[in-house]
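The structure under discussion appears below in the form of structure tokens.
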Amino acid sequence: MQGAPAAREEHDAAMMRLALAQAEAAIAVGEVPVGAVLVDADGNVLGAGYNRTIIDHDPTAHAEVVALRAAARRLGNYRLPGLSLYVTLEPCVMCMGAMLHARLARVCYGAADPKTGACGSVLDIGAVGQLNHQTTFHGGVLAEPCGDLLRGFFRARRRKEIQT
């Protein structure tokens, strides 16, 4: 989306709210609440997903990968140039690799991940100039609600573990 910074911020927030809805769906099935949506320049959602690693028995089924797979199937191509991915948590190295291979134009994330984040928190994959594709990264979009959802989920999980 082109335009004034305020319009870009509102668009980013609207798309992140869609990703947050995906994250909330993850809670309903017992997954860590991370959600992602993949959109074109007009804001049309082409792929969406939430963490499915537990229910699919698949260590690669992170929200970002689920959304990438959905968009690739829909478009009939593994390359997704011009698309933007919105994800509630800073991507890990695996997801960053998939996003770079897909040739995404932009990645926006909500909460930083101080344990596995690969957009600057632990590693900064996007800063590696030798990579054959460069993607724009923007963090902190609705960071507080994204982080609150994760903190609340893990707080509830710890309480259950203590009570049993």
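Heavy atoms only: backbone and side chains are in, while hydrogens, waters and symmetry mates are out. Sequence positions, counted from 1, serve as the residue numbers for this chain.
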Over all heavy atoms of both residues, which pair between [X] and [Y] is shortest? Give the atoms and the distance, please.
X	Y	result
Gln134	Val128	NE2-O, 3.3 Å
Gly47	Ala70	CA-CB, 4.0 Å
Cys92	Ala118	C-CB, 3.7 Å
Ser121	Ala112	OG-CB, 3.6 Å
Ile55	Glu31	N-OE2, 2.7 Å
Ala143	Gly110	CB-O, 3.6 Å

* **Non-neighbouring partners of Asn132 that pass side-chain contact (heavy atoms from CB on, under 4.5 Å), sequence neighbours left out** => Arg103
First locate atom [atom1] of [X], then atom [atom2] of [Y], and finally report the distance between them rounded to the nearest 0.5 Å.
X	Y	atom1	atom2	result
Leu20	Tyr50	CG	OH	15.5 Å
Arg159	Phe154	CZ	CZ	13.5 Å
Arg52	His57	CZ	NE2	10.5 Å
Leu83	Leu68	CG	CG	9.0 Å
Cys108	Leu85	SG	CG	8.5 Å
Met16	Glu9	CE	CD	12.5 Å

Donor-acceptor pair, distance only, cut-off 3.5 Å: does the side chain of [X] make one with the backbone of [Y]?
X	Y	answer
Glu90	Asp113	yes
Asn51	Pro33	no
His133	Leu104	yes
Asp40	Asp42	yes
Thr88	Cys146	no

* Which residue, Val107, Ile125, Asp124, forms the side-chain contact (heavy atoms from CB on, under 4.5 Å) with Met96? -> Ile125
Quick one: does [X]'s side chain get under 4.5 Å of [Y]'s, heavy atoms only?
X	Y	answer
Ile54	Val29	no
Met99	Thr135	no
Tyr86	His11	yes
His62	Val34	no

* To do: Flag the pair Glu10 and Arg17 as a salt bridge only when some basic side-chain nitrogen lies within less than 4.0 angstrom of an acidic carboxylate oxygen.
  => yes
* Salt bridge present between Asp58 and Arg69 (N-O < 4.0 angstrom) -> yes
Let me check something: do [X] and [Y] share a hydrophobic cluster, defined by ILVMFWY side-chain heavy atoms less than 4.5 Å apart, either directly or through other members?
X	Y	result
Tyr109	Leu100	yes
Leu38	Tyr78	no
Val87	Met94	no
Val141	Val45	yes
Leu46	Val65	no

* Asked: Does a sphere of radius 6.0 Å around NE2 in His101 hold more than 12 heavy atoms from other residues, nucleotides or ligands, not counting ones at 6.0 Å or beyond?
  -> no
